[in-house]
Structure formats: structure tokens, C-alpha cells
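Accompanying notes for the structure given below.
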Amino acid sequence: MQKIAVFGGTFNPIHNGHLHIAEEFAKRLKADKVIFIPANIPPHKQAPDLVPAAKRLEMCRMAAQENRIFQVSDIEIRRGGASYTSETLEQLKLIYPDAELFLLMGEDMFLTLEQWHDPQAIFRLAAVCAAPRSSSKRSRLKSYASHLAEEGAKTFIEDISYLPVSSTMVREAVKAGRNISSLVPKKVERYILENRLYME
Ligand code: ATP
């Protein structure tokens, strides 16, 4: 059965931390593809300095060129409104009826999963895969995973080394005029600078 890893995020902008966990999970799950899905409007978090969806999508497409199994989907942007993962997974299940879906996320998102829109639908449609975003949190992730298992979720907690990069860090570096070449792929860096994103 085809294994598809689904990685949703605000991707404002996509950065090397995202690519690192996508690559590591893809290897460990033996995924056939990873689909990055930028949110139209992220319902789970405050989004300061949010650049238009089309630009976040474009940067994801550039970053996805780094690995041949990486793809980018605009389904959340085309659907419009708030981007609910349960609806995205329902749509993907129709597009790939025979695939096994794995939903990738970092620790911060994983620990709030029960507050998302329709978590039961998420658990029914995909296995949830999380990686710690700080070294101390592994046991917390594991205990939350056991709790979710009681709710019917299938979870994978993987000890993927944490690459200390966030979109906030990228935006702040750009604003301060610092170099971002160690934080994002080359093409994304060029795109940010050429389009003067995150500068004010
Ligand atoms: P911001 O700094 O604006 O809050 P972010 O860096 O958290 O953004 P998002 O696009 O909001 O990026 O994150 C999408 C997903 O990627 C989330 O599940 C988040 O936990 C995960 N993630 C982001 N950065 C990392 C990282 N360095 N390592 C592991 N997971 C990460």
C-alpha cells in the first residue's frame, strides 16, 4: 500500500527544520511521498506577519525541489477559509483511496491535538507522527501519545534530532538584516530577499 506523509503548516516561511523532520519521517516510515500543505488561514495559532498564501505556497514549491519524493498541494488554499486538517485528510482520502496516510507534526502542535477541529476524524483517517522540538519533552510526548491511543489514535513518536529553526527565527533575522542562509534553502532565501518579505 502506498504510504503518504502529509505535512501541514503555516510555512511562513518554510525552513530547514520543516525539511529535516519531513526527510527523517519519510525515511523511517518508508513513505512514498511527502505532501506539504500550506494552510490558507491557520486555525491553531496566531500568525503575525502572515504573507499571502500564494507566496507561502511558492516558497514551499521551491523547498520541495530538495527531495524527489516531496510534493506541495494547494488544497487548503483553494478550499479557502480556516484550514481544518480533518477536512484536508477527508479530501486526500478521496484522491488517494488506497493509500495509508501519516500526518506529520512537531511537538507543539501534537500536544494540542485534542483541541483541533474534529480530532476523531483525524485519528480515523491518519496515523499521527510527532517529533520532539526540545530534548526534554520526549517523555511528555510519549505519555500524551498513550492518552491519544485510548481515544483511538495511532501514533508514532520518533526521536528525530531537533534542528533549532522556526519561522519566527527566520522572520526576525530578515527584519534585523541578518543572513538566513543557514535557516532556509537557497532558493527560498533568494525569493524572500527579492520580494522583500518580512522586512518590516
Ligand atoms: P512560527 O515560528 O511562525 O510559529 P513554525 O516554525 O512553528 O512557525 P509552522 O509552519 O507553524 O512553523 O509549523 C508547521 C509544523 O512544523 C508544526 O507541526 C511544527 O510543530 C513543526 N515544526 C516547525 N519547526 C520545526 C522544527 N525545527 N523541528 C520540528 N518540527 C518543527
Side-chain angles (χ1 to χ4, degrees), residues 4-29 31-80 82-83 85 88 102-110 129-135 137 158-200:
I4 301 180
V6 178
F7 194 10
T10 315
F11 300 129
N12 184 40
I14 192 162
H15 55 67
N16 291 344
H18 295 131
L19 298 173
H20 173 66
I21 76 157
E23 233 147 64
E24 286 299 317
F25 267 123
K27 259 191 252 162
R28 291 161 198 233
L29 297 167
D32 298 285
K33 61 174 117 186
V34 179
I35 310 180
F36 292 82
I37 309 185
N40 183 51
I41 297 171
H44 308 301
K45 63 195 288 181
Q46 294 290 323
D49 309 330
L50 187 66
V51 310
K55 291 202 163 80
R56 290 182 286 116
L57 179 69
E58 186 63 26
M59 290 189 278
C60 286
R61 290 198 168 127
M62 290 172 171
Q65 291 170 8
E66 305 271 303
N67 186 315
R68 62 174 185 81
I69 69 161
F70 286 179
Q71 295 182 6
V72 179
S73 164
D74 62 357
I75 47 175
E76 292 194 351
I77 294 170
R78 269 191 285 135
R79 210 163 64 226
S83 303
T85 300
T88 302
F102 295 85
L103 183 64
L104 312 189
M105 64 187 74
E107 154 196 313
D108 48 332
M109 290 289 121
F110 181 70
C129 305
R133 230 178 143 172
S134 55
S135 45
K137 296 278 177 57
E158 287 288 339
D159 257 328
I160 294 171
S161 65
Y162 173 59
L163 204 71
V165 183
S166 68
S167 299
T168 304
M169 211 187 270
V170 178
R171 294 193 302 272
E172 286 177 357
V174 172
K175 207 170 287 178
R178 290 195 301 272
N179 187 287
I180 53 168
S181 56
S182 61
L183 307 178
V184 297
K186 195 84 215 141
K187 285 185 180 165
V188 173
E189 178 189 14
R190 201 175 310 133
Y191 185 86
I192 289 174
L193 299 179
E194 280 174 9
N195 289 275
R196 303 190 58 76
L197 304 182
Y198 312 116
M199 289 197 181
E200 40 221 71

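Only this structure's heavy atoms are used, side chains among them; waters, hydrogens and symmetry mates stay out. Here the structure is a predicted model, which is why all the values come from computation and not from measurement. Residue numbers run from 1 in the order of the sequence given.
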Rounded to the nearest 0.5 Å, the CZ atom of R79 sits from the OG1 atom of T88 at a distance of 3.5 Å
Heavy-atom donor-acceptor pair, N12 side chain to V51 backbone, under 3.5 Å: yes
Please check: side-chain N/O of N40 versus main-chain N/O of A53, any donor-acceptor pairing under 3.5 Å? no
Does the N179 side chain pair with the main chain of S181, one donor and one acceptor, at a distance under 3.5 Å? yes
Could you tell me which non-hydrogen atom of H15 sits nearest to which non-hydrogen atom of V165, and how far apart they are? CE1-O, 3.4 Å
Side chains of F11 and M59: does their closest heavy-atom pair fall under 4.5 Å? no
Greater than 12 external heavy atoms within 6.0 Å of K187's NZ: no
Determine, for K186 against E189, whether the closest basic-nitrogen to carboxylate-oxygen distance falls under 4.0 angstrom. yes
Could you tell me which non-hydrogen atom of C60 sits nearest to which non-hydrogen atom of P38, and how far apart they are? SG-CG, 4.1 Å
Residue pair M169 / P164: nearest heavy atoms and the distance that separates them: CE-O, 3.2 Å
Indicate the atoms forming the closest heavy-atom contact of I69 with A26, along with that distance. CD1-CB, 3.7 Å
Gap between atom CE of M199 and atom NZ of K175 - 0.5 Å precision: 11.5 Å
May I ask you to test the F70-L19 pair for a side-chain heavy-atom distance under 4.5 Å? yes
CG-CG distance between N16 and L163, expressed to the nearest 0.5 angstrom: 6.5 Å
Minimal non-hydrogen separation, A22 against F36, with atom names: CB-CZ, 3.6 Å
What distance do Y198 atom OH and L193 atom CG have between them, rounded to the nearest 0.5 Å? 12.0 Å
How far does CD1 of I4 sit from CG of L29, to the nearest 0.5 angstrom? 12.5 Å
Among I35, I37, I21, which one satisfies side-chain contact (heavy atoms from CB on, under 4.5 Å) with F7? I21
Keeping R56 on the side-chain end and A39 on the backbone end, is there a donor-acceptor pair under 3.5 Å? yes
For a side-chain contact (heavy atoms from CB on, under 4.5 Å) check, start with the C-alpha distance between E58 and N195, then their side-chain angles and the critical distance, and finish with the verdict. CA-CA 12 Å; E58 186 63 26; N195 289 275; over 6 Å; no
Side chains of P13 and I192: closer than 4.5 Å at any heavy-atom pair? yes
Look up atom NE2 in H18 and atom CG in L104, then write down how far apart they are to the nearest 0.5 Å. 11.0 Å
Note: E24-K27 ion pair, threshold 4.0 Å (strictly below): yes
Closest heavy-atom contact between E76 and S83? OE1-CB, 3.1 Å
Polar side-chain atom of R171 near backbone of S166 as donor-acceptor pair, under 3.5 Å: no
